[in-house]
Amino acid sequence: VASLVWFYVYHTLDWVFRQIGRTASFARRHIYPALGLLVASGVFFNLGIGSTVGAVPNGTLDSDTIDSAMAATTAAAAAVKIEWADMVIVSGVVVGAATFLFRKTLFGGKGAPELTIAQKAALVQAKTHVPSAPNEYNADKDFVFKMRKAGKNVVIFYGSQTGTAEDFATRLARDIQSASVRPLVLDPELYDWQCLAALADDELAIFVLATAGEGEPTDNMEAWFNALASDRETPDDSELPEFRQPEDKPDFDDAAPLQGVSYAMFGLGNNTYEQFNHHARVVDQRMLTLGAARIGERGEGDDDADIEEDFARWKEATLPLIRRYLGSSTPLQSGDDSAAAALPEPTWKILEMDAKKVWTKGEFYEEDAEPVTSFDARHPYLAPVSAAIELTPNADRHTLHIEVDLAGSGMRYESGDHIGVYPTNAEEEVDLLLGALRLLDKADTPIAVRAIDPFAAQQSLFPVDTTTYRAAFRHYLEITGSVPRAQIKSLVEPFARSAAARSFLGPLAADKDAHAAVVTAGCLSLARLINAVHQVEQQAGVSAEEQLQLPVETAFELCPRLQARLYSISSSGKVNPERPSITAVVLQYDAKAEGAPTAKMGARRCGVATNYLLGTVRYLRGDRAETLAPDHQALRAGCLLSESPSLPGAADASVVEAVHDGKDHTLQSFTLQPAPGSACDNGQRALSLPVFIRRSLFRLPADPSTPIIMIGPGTGLAPMRGFIQERAQLAREWGAGREMGTALLFFGARTEAKDYMYREELEAHFSEIQKVAPQSQIITAFSRDQPQKIYVQHRLAEHAELVYQTLLCGQQKLGGPPRAHVYVCGDAKSMAKDVSKALASLIAEREGVAEDVASKWVSEMRRLSRYQEDVWS
């Protein structure tokens, strides 16, 4: 009986302490030891009494019997009889054990949900990763200590996957800087979340958090997110994180550990995804639940609309509140916010020098540094290119297939993972910016770029100590993106000295519609914007000395770090474990620059990474390339890929007439570094690409008998190709004696004759799959092969019965979310939404339910990771 009581008391107290906010460690320290003593004494007591009761006729007890029973416990225990009292005790223990085993069902209010693929991946990661104990203090990871040592009172954490959130955080720090507001930008991956509770009431944390994938935190916020929201399925049910109790907070409350902590929040997302801004929303709600106070409203940026304007509106509303909050509790030091200088304070200082070693090849770490044994986004692997071909040579676009060799790197991948590639900027774009900044005559001068703030988290702008202006713009900085309106106002317009420049820049900085029509629509990069200003000034007769001259330090601030581009791997990790492949369409388009002067290089805009990959294909197939004659420091060593006969002799590649191929595609020039042992002029060409693998949750079901429906138009075919390779190999291994789940592929392209990539390979794989899954087939949609355009969502409707039977997965009726798995890859803005609607529509029609009910089933499939999307906008 005592054992049974213990189990119920255990759960009751556990529930009570969770409700009042006590941590699990408090219960372990104070409650569970007492219960342990109770159960131990109860078990011994029951064994003694129970065994004696078994020997008493009819089970009757009186005081004398009890006394004698206690005295005879030891002897009676040796002659126990299994009678009704023993059964009561044993039954009690069994019931108590069952209560413990099924405690979530009995006391949790709802049954345990099926684990999603994301949860399973997190569980595997948790089993293989042992975090440091919360009380293991590390001063290097204490961001509060770092803040106070540097004299800062605001810490800005960024959760960034592609670099945008990091860029926003850096710009926010510059915008908010004043005598009373002293920010420090930090990467949360390098610091302990346990220190969050130590922030004082005159300090502030600001979170700038992007949402990755389908509502996931960014890689560098993973640990913080897991601590704050340990239950990803229902974050409100998460356990209380065990923050480190600050010494200067004697009234620290376990129930509200972040009481007295203030913060602000801005999220970055894309509303074409179902879990829009989920990362920021969850962290925001958990911060409030844990007792923190938010300053202003949570901002939410939408990359599908105008994330820059969203960020600007949030800053306009929130920064005055932050200044007021800190101004009332932090004394001003010298002057006030209105005493700021007219020109922006620089973040970086440039040191021109004569250096013995200069890094100009896009190195990510110096050769004499500690050898890298584990490769990731910070330390990419230089992977040899093992194959590089054009998939659709007769189409009007370039579609590429590139394979790299990971042998010896220790890296592995699975079907559905992504590969990150660091590109190189084209020589035309590099020289265009060097010319706009008037740096062409010293482009190869060795420089080191250092932070002015000695306490800044990033002390060097580049991953190497010394480089050149040319190499910096070629390898390390984004130089082709449009200049945001807020940055024109804060970093460009202040340097305009002529009335002509101010009249041109003023509307672009003040009016979002003017900015959208001229800068965004025209994709005016920093170089193009400066050149446009110079053209306006020349037309107004402004002398060269009075024209806009932007400091190079400011240009470095205006150009974010060059980010890796992620591609869905188009091969199977089980079939080709060391040779992941990339399938990509090369991006080029003509910008519509309304109201902007015609600038050098015209309106043609080229995607950075895909044109670099096209350069790789061109180089390896033998296109024109010349070895650069290195100077005494080898500052321009390498191989210049260019179709222009004027290069490499011309001093400015941006003024050389562009060369176009038969597809009216501009062929850009690139400085490439041949792989060791090869050269561009002896017929033995070889290249390597800096790559890394990023894990994805886009996964095949573990059971091959589960049917799969794959929708991948265009290069959305990439991850599906890996899935198909995997199922085809399994079909060959199985033979005809076993049955596999049906596999349907919906593939779309412009034309069948010119754009049907991997056709022969896909047909061969499906012939193998059909031997063990006869209903499997490829269903195509070629939009331009008939007057009426047809897309994959139309084919879903046409094959509704086949799709429905595949979704049934052997059931008579669905009655809930299907068990089959659906995979969608491609455009998020239109295609993915239309596919989801088409699927819900065909389910509703055949199940006889309303479309909103069918849509809820599709949403439930998403929750269970049975409907997965790998989409982009």
Side-chain angles (χ1 to χ4, degrees), residues 167 170-178 308-309 311-312 315-316 337-350 429 431-441 452 469 473 477-560 591 593-601 654:
D167 180 46
T170 303
R171 288 158 50 185
L172 177 62
R174 184 176 58 247
D175 294 341
I176 203 174
Q177 175 78 45
S178 69
E308 286 286 349
E309 287 301 320
F311 186 49
K315 287 193 298 181
E316 185 178 353
D337 293 353
S338 63
L343 295 178
E345 291 290 333
T347 302
W348 305 101
K349 59 183 176 182
I350 300 174
E429 296 289 348
D431 283 2
L432 185 68
L433 183 53
L434 289 170
L437 297 172
R438 299 174 183 172
L439 287 174
L440 280 170
D441 59 339
I452 291 177
Y469 291 110
F473 291 130
L477 297 173
E478 297 276 5
I479 63 174
T480 61
S482 302
V483 184
R485 183 169 67 92
Q487 291 192 290
I488 294 177
K489 182 176 182 179
S490 62
L491 291 177
V492 180
E493 190 180 17
F495 293 98
R497 292 178 287 180
S498 69
R502 290 191 294 270
S503 66
F504 178 74
L505 291 171
L508 304 183
D511 186 346
K512 67 176 184 180
D513 293 331
H515 180 273
V518 176
V519 180
T520 304
C523 194
L524 292 190
S525 62
L526 178 60
R528 289 175 173 83
L529 180 65
I530 295 173
N531 284 335
V533 174
H534 287 167
Q535 188 170 345
V536 169
E537 289 178 316
Q538 289 167 6
Q539 292 172 353
V542 179
S543 65
E545 293 75 16
E546 292 299 315
Q547 289 179 10
L548 172 68
Q549 177 62 54
L550 197 69
V552 185
E553 296 88 344
T554 304
F556 283 158
E557 290 194 50
L558 284 163
C559 298
E594 299 178 9
T598 303
K600 287 194 296 183
M601 294 173 54
S654 68

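Quick caveat, the model's predicted, so the values are computed rather than measured. Only this structure's heavy atoms are used, side chains among them; waters, hydrogens and symmetry mates stay out.
Between R171 and E308 there is a salt bridge, since at least one side-chain N of the basic residue sits less than 4.0 Å from a carboxylate O of the acidic one. The existence of a salt bridge linking R485 and E309 is confirmed by a sub-4.0 Å separation between a basic side-chain nitrogen and an acidic carboxylate oxygen.
Rounding to the nearest 0.5 Å gives a distance of 11.0 Å between CD1 of I530 and CZ of F495. Taken to the nearest 0.5 Å, the CG atom of L440 stands 11.5 Å off from the CZ atom of R438. For the atom pair CG (L558) and OG (S525), the distance works out to 11.5 Å, reported to the nearest 0.5 Å. Here the CG-CZ distance, from D175 to F311, works out to 7.0 Å after rounding to the nearest 0.5 Å.
A heavy-atom distance below 4.5 Å is found between the side chains of E429 and R528. Within the 4.5 Å cutoff, side-chain heavy atoms of L529 are placed close to those of L508. Residues L433 and L477 are not in side-chain contact: their nearest non-hydrogen atoms beyond the backbone lie 4.5 Å or more apart. Proximity of L491 to R174: side-chain heavy atoms (C-beta onward) are separated by under 4.5 Å at one or more points. Inter-residue side-chain proximity for P494 and P344 is flagged as met; some heavy-atom pair is nearer than 4.5 Å. Using a 4.5 Å cut-off on side-chain heavy atoms (C-beta onward), Q538 and Q547 make contact.
The nearest pair of heavy atoms linking A501 to A496 is CB-CB, 3.8 Å. Here the shortest heavy-atom pairing between I488 and A509 reads CG2-CB, 4.0 Å. In this structure, A436 and N531 approach most closely via the heavy-atom pair CB-OD1, 3.8 Å. Looking at every heavy atom in both residues, S482 comes nearest to V519 through OG-O, 3.5 Å. L437 and Q549 get closest at one heavy-atom pair: O-NE2, 3.5 Å. Heavy-atom minimum distance, L524 versus V518: CG-O, 3.7 Å.
In terms of modelled atom types and a separation under 3.5 Å, the side chain of H515 and the main chain of A486 share no donor-acceptor contact. Between the side chain of E537 and the main chain of L548, a donor-acceptor pair closer than 3.5 Å is present.
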Dump the intermediate steps for side-chain contact (heavy atoms from CB on, under 4.5 Å) on L432 and I479, then the final yes or no.
CA-CA 10 Å; L432 185 68; I479 63 174; over 6 Å; no
Report the C-alpha separation of V533 and V492 in whole Å, then their side-chain angles, then the decisive distance to 0.1 Å, and conclude whether the side-chain contact (heavy atoms from CB on, under 4.5 Å) test is met.
CA-CA 11 Å; V533 174; V492 180; 5.8 Å; no
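Between F473 and F556, the ring-plane angle classifies as tilted under the 30° and 60° cut-offs.
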